[in-house]
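One-based numbering, in listed order, for ligands and for the atoms of each. Because only heavy atoms are used, hydrogens play no part in the values below, and waters and symmetry mates are left out as well, while side chains stay in.
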Amino acid sequence: MPRYEIHGGTPLEGSVTISGAKNAAVAIIPAALLVNGVCRIENVPDISDVHNLLNILTQMGARIRREAGGIVEIDCTDVPYTEPDADLVRKIRASYYLIGAQLGRYGKAKVAMPGGCNFAPRPIDQHVKGFTALGATVLEEDGMVDARPGPDGLRGNRVNLDVVSVGATINIIIAAVLVPGQTIIENAAKEPHIVDLANFLNTMGARISGAGTDVIRIKGVKSLRGGFYSIIPDQIEAGTYMAAVAAVGGNVMVNNVIPKHMECITAKLREMGATVTEYEDAIRVQRTGRLRRATVKTLPYPGFPTDMQGQIGVCMTLAEGVSRITESIYETRFFAYCDEFTAMGANIQVNGKTATITGVEKLYGASVAAHDLRAGAALVIAGLAAEGQTFVDNIHYIERGYENLVGKLTALGAKIRRVED
Ligand code: EPU
């Protein structure tokens, strides 16, 4: 099994370029099923979640062409209704967007329940609420989601989400774009990748307004045409490198970012004593002295992202004083890394939704295992900051969402290798 071997303690220096946003790409690729024509998409990250989704679309009959430099062409013209391969679907979370895409395109959908990182219960009742509001009858049985048109067919409607859900907001947008009438999503999520998906669909001829606010309006159109779209930079990948510099020390220019998307992370790292300088599409992070304690509460965008919880957690393990993280999206997420941090010398106590972290002078290398994508990234940062040698196992989780992590870190002077156990 491949694992990462890390020799910690070398400050990070140089520059790193951020790839396209995973969580935008994994929404845009299934949404291409709605399009009658060729979607030429740029800045597609080279990660296993994307490979899996492209394999699913290929299996469904799409013609896909990949070019160097993160360009993917997807042509779903004339793709007949096909059930996506259940084994492939179960490999990733975002395969649930195929339900919205099939429903929108064919008026019916049958897709296996999604897989992906299982750091907490991840229900899809709000997705189902949206599909039902559009007129579908949705059954969940034998590990499958089966959505069919109800007696009056599909029609735009008002959906008020009970919880702010990224996935449900995206899935309802995808399902509604080709449905006659107006759909209004209230209490919608506002993450940058929701805006990116809406921009992609609007470029192809959809009529979506309000993405990025908590009320999104979708006026159904008859068809979408092909076109060109460039995916935004990945907020969490950028935040991961920023946190890495804060934890490990050094001076790094993080290129290809949208500084506005990073504000919450930037503010927290500054509060902790890192120097963060914003440019038009880059951010420089420098850290020399010891970090200071902080408190973080994870929230939907524009709040502090839950996907950065572990990475900021590493910074806290080394900061002076007692820090706190309150997790308000996925309560059980601490368990994905808490024991591993402790094995490396961190002092972390979890009580329900709150982790209390008392900073230590040093972390020490250990053999640890990733239990999900972001916890895995946090362990890599911890290994880079620690004294001695760290092995990180289960790196397939990390490779779901970080393009060329080893190459990018090596270019910053980190001593990290992908080795076979
Ligand atoms: N929720 C429900 N019912 C639903 C959907 C969600 O109760 O039908 C709850 C969840 O249990 C959670 C909260 O609502 O407590 C928010 O969940 P959300 O639907 O926003 O999460 P998601 O769409 O499943 C996406 C990202 C995650 C990220 C979360 C939160 C993708 C593919 N995944 O998940 O990203 O943590 O939003 O921002 O976009 C990652 O990239 O590593 C990752 C896990």
Side-chain angles (χ1 to χ4, degrees), residues 19-31 45 47-50 52-53 89 91-100 113-133 138 140 145 159-175 185 187-197 214 231-232 234-240 261 264-265 298-311 326-333 336-337 353 370-378 396-403 405:
S19 303
K22 165 178 102 64
N23 288 344
V26 299
I28 286 172
I29 292 168
I47 52 176
S48 69
D49 269 12
V50 161
N52 278 323
L53 273 172
V89 165
K91 286 188 176 171
I92 41 172
R93 189 79 204 152
S95 50
Y96 52 27
Y97 297 139
L98 291 164
I99 310 170
M113 286 296 279
C117 289
N118 272 327
F119 45 74
R122 298 178 79 184
I124 60 162
D125 58 297
Q126 297 302 304
H127 304 231
V128 172
K129 180 177 183 179
F131 302 147
T132 308
V138 186
E140 289 171 70
V145 182
V159 187
N160 196 318
L161 294 178
D162 301 319
V163 290
V164 179
S165 160
V166 172
T169 303
I170 288 179
N171 228 343
I172 298 165
I173 293 175
I174 293 175
I185 309 174
N187 199 24
K190 297 182 274 205
E191 268 66 5
H193 34 287
I194 291 171
V195 180
D196 211 35
L197 169 79
D214 54 11
I231 292 179
I232 52 166
D234 195 304
Q235 177 208 26
I236 305 298
E237 188 196 13
T240 300
H261 295 167
C264 203
I265 298 161
T298 65
L299 288 169
Y301 189 81
F304 193 91
T306 173
D307 290 346
M308 280 295 299
Q309 187 215 88
Q311 299 90 311
T326 304
E327 172 59 47
S328 41
I329 317 286
Y330 297 111
E331 197 173 318
T332 52
R333 204 164 192 178
Y337 61 82
K353 292 182 173 185
H371 298 298
D372 77 50
L373 164 61
R374 306 302 174 187
H396 63 278
Y397 283 117
I398 303 173
E399 294 176 352
R400 274 187 181 165
Y402 288 92
E403 176 175 320
L405 180 68

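For a threshold of 3.5 Å applied to N or O pairs, the pair formed by Pro123 and ligand 1 contains at least one separation below that value. The N/O atoms of Arg122, backbone and side chain alike, include one that comes under 3.5 Å of an N/O atom in ligand 1. Geometrically, ligand 1 and His193 share no nitrogen or oxygen pair separated by less than 3.5 Å. Of the N or O atoms in Glu191, none lie within a sub-3.5 Å distance of an N or O in ligand 1. Polar contact with ligand 1: absent for Leu373 (N/O pair, distance under 3.5 Å). At a 3.5 angstrom cut-off on N or O pairs, Ala168 does not count as close to ligand 1. Considering backbone and side-chain atoms alike, Gly167 places an N or O below 3.5 Å from some N or O of ligand 1.
Residue Ala189 places no heavy atom under 4.0 Å from ligand 1. Ligand 1 does not have Asp162 within reach: every non-hydrogen atom of the residue lies 4.0 Å or more from it. For Arg333, the closest heavy-atom approach to ligand 1 falls below 4.0 Å. For the pair Tyr96 and ligand 1, a heavy-atom separation below 4.0 Å is found.
Between Arg374 and Arg333 the shortest side-chain heavy-atom distance falls below 4.5 Å. Residues Val26 and Arg93 have side chains not in contact (no heavy-atom distance under 4.5 Å, counting atoms from C-beta outward). Side-chain contact between Leu98 and Pro30 is present, with heavy atoms from C-beta onward closer than 4.5 Å. In this structure, the side chains of Val145 and Met113 come closer than 4.5 Å at one or more pairs of heavy atoms.
Residue Lys22 touches ligand 1 through its side chain alone, judged by heavy-atom distances below 4.0 Å. Both the backbone and the side chain of Gln126 come within contact range of ligand 1, each with a heavy atom under 4.0 Å. Of all the heavy atoms of Asp125, the ones lying under 4.0 Å from any atom of ligand 1 are found in both the backbone and the side chain.
Counting only distance, with no hydrogens or angles, the side chain of Thr169 and the backbone of Ala189 share a donor-acceptor pair below 3.5 Å.
In this structure, the separation between NE2 on His261 and NE2 on His193 is 10.5 Å, given to the nearest 0.5 Å. To the nearest 0.5 angstrom, Ile28 atom CD1 is 8.0 Å from Ile232 atom CD1. Lys91 NZ to Arg400 CZ: the interatomic distance, rounded to the nearest 0.5 Å, is 10.5 Å. The OH atom of Tyr330 lies 10.0 Å from the OG1 atom of Thr298; values are rounded to the nearest 0.5 Å.
The side-chain contact (heavy atoms from CB on, under 4.5 Å) with Ile329 is formed by just one residue from the set Thr306, Val163, Val164, Val166; it is Thr306.
Ligand-side atoms of ligand 1 in range of His127: 8 (O), range being under 4.0 angstrom from any heavy atom. Taking every non-hydrogen atom of Val164 and a distance limit under 4.0 Å, the qualifying atoms of ligand 1 come out as 16 (C).
Considering Asp307, Ile194, Leu161 only, the shortest heavy-atom separation from atom 40 (C) of ligand 1 involves Asp307.
Side-chain contact check for Ser48 and Glu399: no donor-acceptor pair (N or O, by modelled atom type) lies under 3.5 Å.
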